[in-house]
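The next block holds one structure in the form of structure tokens; read it before the comments.
Below, chain A is the first sequence line, B the second, and so on; all start at residue 1.
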Amino acid sequence: MSLPSRYNPNEVEPRILSRWEETGWVCNPKSGKKPFSIVIPPPNVTGSLHMGHALNNTLQDIVIRYKRMDGYEACWFPGTDHAGIATQVLVEMELAKEGKTRKDLGRDAFLARVWQWKEKYGNTIVEQLKALGCSCDWSRLRFTLDPGLSRAVRTAFVQLYREGLIYRDEYLINWCPRCETALSDLEVEHEEVSGHLYFVRYPLEDGGYVTVATTRPETMLGDTALAVNPHDGRHKHLIGRRAILPVLGRKLPIVAAEEVDPEFGTGVLKITPAHDPVDFQIAQRLGLPAVNVLNEDGTINTNGGPFAGLERFQAREALVEGLRAEGLLEKITPYKHAVGHCERCHTMVEPRLSLQWFVRMKPLAEPAIRVVQEGKIRFIPERWTKVYLEWLENIRDWCISRQLWWGHRIPAWYGPDGKIFVAMDEEEARKLAHAHYGEEVVLCQDEDVLDTWFSSALWPFSVMGWPEETEELRTFYPTDLLVTGFDILFFWVARMVMMGLHFLNEVPFREVFIHPVIVDERGQKMSKSRGNVVDPLELIATYGADALRLAMAHVSGKGRAARYSPVLLDEMRDFLNKVWNMARFILTNTADLPPGLNWRGRSLAWEDRWILSRLQAVIASVRNYLERYAFHLAAETLYHFVWDEVCDWYLEMAKVRLYGEDAEARRTAQLVLRTALTHVVHLLHPFTPFLTEEIGEHLDLRVSRGSYPKPEEYLRDPEAERVLGVFQELVREVRAMRAELGLDPAEELELVVTSGSQASLLLGDLRGALARLARVQPCWAPGRENMENAARGLAGDVTFFLRLPGEMDWSAIRSRIQRNLNKVEGELAGLEARLANPGFREKAPEEVVKQTEAQARELRARRTRLLRFLAG
RNA sequence: GGGCGAGUAGCUCAGGGGCAGAGCAUCCGGCUUACAUCCGGAAGGCCAGAGGUUCGAAUCCUCUCUCGCCCA
């Protein structure tokens, strides 16, 4: 067998991928195995894999592979999201290159164009997920606009409407003048901008004027009142009087409202109910009229009088100039404030009064709060619980209608008099209308579509076929785990909980693992405009998917932000190469191993007992970490076990028997090596599925379908661990002395052991390994006190001399011993101070006291020996 | 304004009441028949600062500073 000495993921991964493609990861809800399920956070159908996806999906795949190997019917439901506004904006930009708008095409042609786009790009993200190694049940791939899922959306809408939880109303919403649609509160990003505060004089009807400060003077065209705080003594006299709106001349009552902040501006607030949330609230309470002055595209409408038709910021300038000319502009001061921007196109949004559909959230939020308080859903890390609860406790109604074309069209039809008929389809609406009017009438469907997140909220059960009562729902709902970033905690997670509880009376998932977002090397958010985006596909091309996955596992434990670091990728690639070479070594050195043999019942070497013992500990802790979703700790544990323990020690020690004369001993070593390799590839498989599957092929194993190792307690062997501990210390000590004395590392030296409780083992069973790893010829001279041309050494309680080839620099040895002594004395002083403290003996657990005493004893003995060496 | 996270070796970060860790970088030495993407050795830290709790604090509590984020 000839295997390349470097692991080449570019050659291996496509091959393994096509193997997986043949069999797939199809789940059987009726297998009778214990189910375990995850639904994917559906990526945008036209999207391309970014680092966030890489992290998110790697973690899901680690869990799903682990559970699958651990005997569960583990089903990962994949799918894509139509991503209403995001996709539509994308296609509109494409159209803009041709100098067209969606309105030029009309609704049907535009939609055809988006579908075309979807057909063209919709599969790339799926292929990319596969390339990352994701073992989704691809036979269950769903898309939020599929007929089945669209039916789920209509079903949910109709039911919520009939329950009074969806209503249509004129309300102040966030409006994006570029997208020309309403946005939910969550789709607005607040950003600090440097603007201006304009101080405008409003003449009073009975003489004089009052000054009002505003950041958006153009909205004054929609003013219908002025307001002051009732407790503000400065302005009390104004209440009940009337001001005159500049430019338009409208009479504005001056009212009192608690909401007015006396500290802001002059303490007099202009009330523009159609364009400001606070003003809207005040106006609603006091019954003030609202005047909308903005068109859908952000230009001033006819209510704006002379400014009608002007773009909003041009209107602002024109208006300010006019005011200045009339002496009504008192001053302009710089002002920093938070302004809302459209999440998608980054245009400044306008609060705008319009007729929209809303979901009444309070009744839905209450159960969603309860299940988390009762622990039916658990957040990991736990601190997200509070964030979730606080949002739900202060929730506001959700504006779900969007003036877009790409999405689920709202299943509402209007009669000639505007009467609303909400139904599953037009036929049903017609029946309702007929029943209502007693005759056939012309119905027209609502033009709007639903917020993308409406369908996403149903995702955990719509992918399983709801509203049908499917086998999938019976078996896999509720799902076990949701893996997602905190950025969509409110958008998605909270809404899924609400909808899951409402429609299935059961939580959609039991645990939510919240992972960080990936940021660039300097800690900056990755974005196209910053130009700091790292493309995971390029990383896969350079390092392989496994290396990327391991890197993702390593950063998964970060708090909010995980810094991308190319060094980490290098490190992971090196590790994979290490695993590959470990496998290569074991495979080539066990090629002659007859099948069917087992190390059990054979006489094991100390190192065999040691590595088997360590293996059990590693299996136990990796499983434990995986159960806690501590992916970084699991990965790190395996990294160090493989590299430090298996490769650096066990493999090197096993070489003595592999290359030795004793055929039986050689067999044993081969068998234990095989066991170690088999276990390691299985343990690693969820993290690095390609490499481990590839190695498995050489072992005639299908690792991806294998069992996750379970610890076997009886193989824990504290005695072997102690023995190997001393062995390692001795080897390290000899190596260190050699290095510090500047001796040729290859030259074999005589090692004379003079005392130590493990001496007979070191010179007996472990002699060959000692000779090989320390490059020495060991011999036994009990009690010997002195030796010419030799360096004294100490490892644990083993004292020894290292015979030197000639005249040596003794000061180097003495300073080494002195350094050791200093360290020992420092540690000892600490321990003794602790032991001398009566509080410690009284209050510390007995175990700790005993352990400390033993350590102190050991250090004292060591100190004595070192002192003797220095003297001698 | 409210809340959250981070601050540990030169760099990137683990750890989270009982002896301060890793990788990279640095320095010294090695192509030793799995791997130079490697092996061996070394050096490097007042665990941001100040108080407190405790027999014992990098770890828990309070405050402060710096950076980042979320919500309003």
Have a look at [X] and say if it touches a base, only the backbone sugar-phosphate, or nothing, with a 4.0 Å heavy-atom cut-off.
{"X": "R834(A)", "answer": "base"}
{"X": "R573(A)", "answer": "base"}
{"X": "K386(A)", "answer": "sugar-phosphate"}
{"X": "H640(A)", "answer": "sugar-phosphate"}
{"X": "P845(A)", "answer": "base"}
{"X": "N577(A)", "answer": "base"}
{"X": "E189(A)", "answer": "nothing"}
{"X": "E827(A)", "answer": "base"}
{"X": "I586(A)", "answer": "nothing"}
{"X": "D648(A)", "answer": "sugar-phosphate"}

Say we look at [N] and [M]: how far apart would their [atom1] atoms be, to the nearest angstrom?
{"N": "C47(B)", "M": "U59(B)", "atom1": "P", "result": "10 Å"}
{"N": "A72(B)", "M": "C65(B)", "atom1": "C1'", "result": "25 Å"}
{"N": "C31(B)", "M": "A25(B)", "atom1": "C1'", "result": "23 Å"}
{"N": "C69(B)", "M": "U62(B)", "atom1": "P", "result": "25 Å"}
{"N": "G23(B)", "M": "A9(B)", "atom1": "P", "result": "16 Å"}
{"N": "G18(B)", "M": "G10(B)", "atom1": "C1'", "result": "30 Å"}
{"N": "C60(B)", "M": "C4(B)", "atom1": "P", "result": "15 Å"}
{"N": "G15(B)", "M": "G30(B)", "atom1": "P", "result": "38 Å"}

| query | For W398(A), is the NZ or CZ atom of R495(A) found under 6.0 angstrom from the centre of its six-membered ring and inside 45 degrees of the ring axis? | reply | yes

| query | Should the pair K655(A) and F585(A) be classed as cation-pi, given the thresholds of under 6.0 Å to the six-membered ring centre and 45° from the axis? | reply | yes

Can you tell whether the side chains of [X] and [Y] come within less than 4.0 Å, N to carboxylate O?
{"X": "K386(A)", "Y": "E393(A)", "result": "no"}
{"X": "R657(A)", "Y": "E607(A)", "result": "yes"}
{"X": "E748(A)", "Y": "R775(A)", "result": "no"}
{"X": "R666(A)", "Y": "E661(A)", "result": "no"}

| task | State, with a plain yes or no, whether a side-chain heavy atom of L683(A) is found less than 4.5 Å away from one of F641(A). | result | no

| For F486(A) against P516(A), the heavy-atom pair lying closest together | CE2-CA, 4.3 Å

| message | Quick check: on RNA chain B, is the nucleotide nearest F575(A) upstream (toward 5') of the one nearest R841(A), or the reverse? Name the residue that is more 5'. | response | F575(A)

| Want to settle it: does S5(A) or A739(A) sit nearer the 5' end of RNA chain B, counting the closest nucleotide to each? | S5(A)

[X] has a side chain; which of [options] sits nearest to it?
{"X": "R735(A)", "options": "G41(B), A34(B), A14(B)", "value": "G41(B)"}
{"X": "R563(A)", "options": "U12(B), U37(B), C55(B)", "value": "U12(B)"}
{"X": "F490(A)", "options": "C71(B), C55(B), U12(B)", "value": "C71(B)"}
{"X": "P745(A)", "options": "C70(B), A42(B), G30(B)", "value": "G30(B)"}
{"X": "R383(A)", "options": "C39(B), A34(B), G5(B)", "value": "G5(B)"}
{"X": "A844(A)", "options": "C55(B), A72(B), C39(B)", "value": "C55(B)"}

Give none if [N] has no partner; otherwise give the nucleotide forming a Watson-Crick or G-U wobble pair with it, both distances under 3.5 Å.
{"N": "G21(B)", "value": "C13(B)"}
{"N": "G51(B)", "value": "C61(B)"}
{"N": "C46(B)", "value": "none"}
{"N": "A6(B)", "value": "U66(B)"}
{"N": "C31(B)", "value": "none"}

Do any side-chain nitrogens or oxygens of [X] fall under 4.0 Å of OP1 or OP2 in [N]?
{"X": "Y659(A)", "N": "A34(B)", "value": "yes"}
{"X": "H632(A)", "N": "G15(B)", "value": "yes"}
{"X": "R6(A)", "N": "U37(B)", "value": "yes"}
{"X": "W643(A)", "N": "C38(B)", "value": "no"}
{"X": "K823(A)", "N": "C19(B)", "value": "no"}
{"X": "R732(A)", "N": "G41(B)", "value": "no"}

| said: Please determine whether any donor N or O and acceptor N or O are separated by less than 3.5 Å between the side chain of E390(A) and the base of A72(B). | reply: no

What is the distance, to the nearest angstrom, from the [atom1] atom on [X] to the [atom2] atom on [N]?
{"X": "Q855(A)", "N": "G18(B)", "atom1": "CD", "atom2": "C1'", "result": "9 Å"}
{"X": "E853(A)", "N": "C55(B)", "atom1": "CD", "atom2": "C1'", "result": "14 Å"}
{"X": "E652(A)", "N": "C35(B)", "atom1": "CD", "atom2": "P", "result": "11 Å"}

